[in-house]
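Following: one structure in structure tokens, then a few remarks.
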Amino acid sequence: MTTTPHPLVTAARRLAHDLLVPDAERVDQEGVPTSHIEAVKRSGLLGVGAPREYGGADAPVAVARETAEILAGACCSTWFVQTQHHTPVKLLATYDSPVREKLLRPLATGEVLAGIAYAHVRAFPRVPVRAVPERGGWRFEGRVPWYTGWGLNDVLLLAGVTDTAELVFVVTDAREQPGMRPSAPLRLAALGAARTVSLELDGLWVPEGDVVLRTPREEFALVDLPRAANASPAVFGVAEAALDLLARSPDGDGPARSLRARLDAVRREAYALADHPVPHESVPERLAVRTRAYEVLRAATTAAIVSGGGRSMTLDSRAQRLAREGMFLLVQGQTAEARRTHLGTLASG
């Protein structure tokens, strides 16, 4: 019996086949173009998890994962820019706030693309960005170390920490403005194409009406940190792309089939754990499976490099690009606990 793919899965495959894969090596060297972002906006994929009443698809989580795998395997830089968007959508859909009615529909329909600037709150008790109440709004001071999609995103979700350890999430325009200044694009070994900068915040003021969420840091961490222990669908997407490349090479079919069996097994386990109804349970198991997924990813991208021989050393090599993207995914969304688990596994051989 055959099952008809979800329309968004079909859209993701079409986008990957027609645009992302053919341009991936050029994009890797030159940067994600606005035309790629416009194509993602038109595809409907930005609303994959958004409520229907706001113009989204409200698709099952399995569809969101599959589309993420497809995009990441096709062009990880484009995937990384658009994946930021889904967190503001989820927060606006979950928490009632004045900004919801203004922004959720254009986010869900793809009219507006959002980025995120909040990973730094995981560094607590260090506070890279401080939020201070001022004049019917909030003033932000500090430095956002990483912000992806500068020049491509329309708005950004920014978080700061108050003196009472409360997190304040706001939405503001993703452009240089009084109190917010971007650095030059960061030079990165992988995904430099995703237009990542740091943001200097020197008195950026955001009105109370643009606050998305205020929550005690400890309450947010109960959900955020365990969620960060899950394996990213992008890991499986990039590994799949590397195995497809390996399978087409001389002597590569057998190794590709063996590695694909390992990948399928760890994917099933990772997604089963991610679907656990209590986010803060089974964290050690989630981290262990995440680390195993990294090991298969590393094996898959290494095998693609080996199968390509000396050609893999040229900057236009697909195998090399995938290997660098895999390296990036090793640290993307990394927490201190994830780092300890991964290093312990590597040290134990």
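Since the model is a prediction, treat every value here as computed from it, not as a measurement.
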Can any side-chain N or O of [X] pair as donor or acceptor with the backbone N or O of [Y] at less than 3.5 Å?
X	Y	answer
His85	Ala108	no
Ser307	Ala304	yes
Gln82	Thr78	no
Arg286	Glu281	yes
Glu240	Gly73	no
Thr301	Leu297	yes
Arg318	Leu245	no
Glu176	Arg181	no
Thr335	Ala338	yes

**Q.** Partner residues of Arg14 under the side chain to side chain donor-acceptor pair (under 3.5 Å) criterion, sequence neighbours left out
**A.**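 Per chain and number, Arg14 pairs via side chain to side chain donor-acceptor pair (under 3.5 Å) with no residue.
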
Q | For Trp138, all residues meeting side chain to side chain donor-acceptor pair (under 3.5 Å), sequence neighbours excluded | A |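 Testing Trp138 for side chain to side chain donor-acceptor pair (under 3.5 Å), a comparison that skips the adjacent residues, returns Glu208.
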
Q: Could you walk me through whether Trp146 and Leu186 pass the side-chain contact (heavy atoms from CB on, under 4.5 Å) test, one step at a time?
A: CA-CA 9 Å; Trp146 303 91; Leu186 301 180; 3.7 Å; yes

Just how far is it from atom [atom1] of [X] to atom [atom2] of [Y], taken to the nearest 0.5 Å?
X	Y	atom1	atom2	result
Leu201	Leu158	CG	CG	6.0 Å
Arg217	Leu167	CZ	CG	7.5 Å
Thr291	Leu330	OG1	CG	10.0 Å
Arg292	Glu295	CZ	CD	10.5 Å
Arg139	Trp205	CZ	CH2	12.5 Å
Leu273	Ser282	CG	OG	6.0 Å

With a 4.5 Å cut-off on side-chain heavy-atom distances among I, L, V, M, F, W and Y, is there a chain of contacts connecting [X] to [Y]?
X	Y	result
Leu91	Val155	yes
Val171	Val112	yes
Leu15	Val63	yes
Leu20	Ile37	yes
Leu46	Leu92	no

Would you call [X] and [Y] a side-chain contact if the rule is heavy atoms closer than 4.5 Å?
X	Y	answer
Val211	Val99	no
Val129	Arg143	no
Ser198	Pro145	no
Leu315	Gln29	yes
His36	Val40	no
Val161	Val168	no
Leu246	Ser249	yes
Ser183	Glu200	no

(Q) Val48 vs His86, test: side-chain contact (heavy atoms from CB on, under 4.5 Å). Steps then yes/no. (A) CA-CA 8 Å; Val48 60; His86 302 290; 3.7 Å; yes

Got more than 12 heavy atoms from elsewhere within 6.0 Å of [atom1], [X]?
X	atom1	result
Asp275	CG	yes
Arg227	CZ	yes
Arg135	CZ	yes

Q: Mind running side-chain contact (heavy atoms from CB on, under 4.5 Å) on Arg13 and Thr10 for me, showing each step along the way?
A: CA-CA 5 Å; Arg13 288 174 179 163; Thr10 300; 5.5 Å; no

Q: Compute whether any side-chain donor of one residue and acceptor of the other, for Gln177 and Thr172, lie under 3.5 angstrom apart.
A: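 Thr172 and Gln177 do have a side-chain donor-acceptor pair below 3.5 Å.
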
Q) Does any donor atom in the side chain of Thr148 or Thr196 lie under 3.5 Å from an acceptor atom in the other side chain? A)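 Yes - a donor-acceptor pair under 3.5 Å links their side chains.
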
Please find the pair of heavy atoms, one from [X] and one from [Y], that lie closest to each other, and give the distance.
X	Y	answer
Ala234	Leu329	O-CD1, 3.6 Å
Ser77	Ala193	OG-CB, 3.5 Å
Val27	Cys75	CG1-SG, 4.0 Å

Q.
Does Arg105 form a salt bridge (charged side-chain N to carboxylate O under 4.0 Å, His left out) with Glu111? I'd like the steps, not just the answer.
A. CA-CA 8 Å; Arg105 178 169 292 277; Glu111 178 185 345; over 6 Å; no

Q.
Using ring pair (Phe, Tyr, Trp, His ring centres under 6.0 Å), reason through Tyr95 and Phe169 one step at a time and then give a plain yes or no.
A. CA-CA 11 Å; Tyr95 298 100; Phe169 290 82; 8.7 Å; no

Q) Which is it for Asp316 and Arg321 under the salt bridge (charged side-chain N to carboxylate O under 4.0 Å, His left out) test, yes or no, and what are the steps along the way? A) CA-CA 8 Å; Asp316 61 354; Arg321 172 179 62 80; over 6 Å; no

Q) Within 45° of the axis and under 6.0 Å from the centre of the six-membered ring of Tyr271, does NZ or CZ of Arg65 qualify? A) yes

(Q) Could you check whether Arg248 pairs with Asp244 (Lys NZ or Arg NE/NH1/NH2 to Asp/Glu carboxylate O, under 4.0 Å)? (A)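 The answer is no: the pair does not qualify as a salt bridge.
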
**Q.** Residues Lys41 and Glu38 bridged, charged N to O under 4.0 Å
**A.**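 Salt bridge flag = yes for Glu38 with Lys41.
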
**Q.** ring-ring contact (aromatic ring centres under 6.0 Å, His included) partners for His342, two or more places apart
**A.** Tyr294

Q. Can you check salt bridge (charged side-chain N to carboxylate O under 4.0 Å, His left out) on Lys102 and Asp210, steps first, answer last?
A. CA-CA 9 Å; Lys102 177 174 72 173; Asp210 288 340; 2.7 Å; yes

Q: Walk me through it: do Asp264 and Arg268 pass the test salt bridge (charged side-chain N to carboxylate O under 4.0 Å, His left out)?
A: CA-CA 6 Å; Asp264 289 344; Arg268 285 192 298 271; 5.2 Å; no

Q) Under the criterion side-chain contact (heavy atoms from CB on, under 4.5 Å), which of Leu104, Leu156, Val212, Ile116 is the partner of Pro88? A) Ile116

Q | Audit row: Glu285, Val289, side-chain contact (heavy atoms from CB on, under 4.5 Å) steps and yes/no | A | CA-CA 6 Å; Glu285 290 84 356; Val289 172; 5.5 Å; no

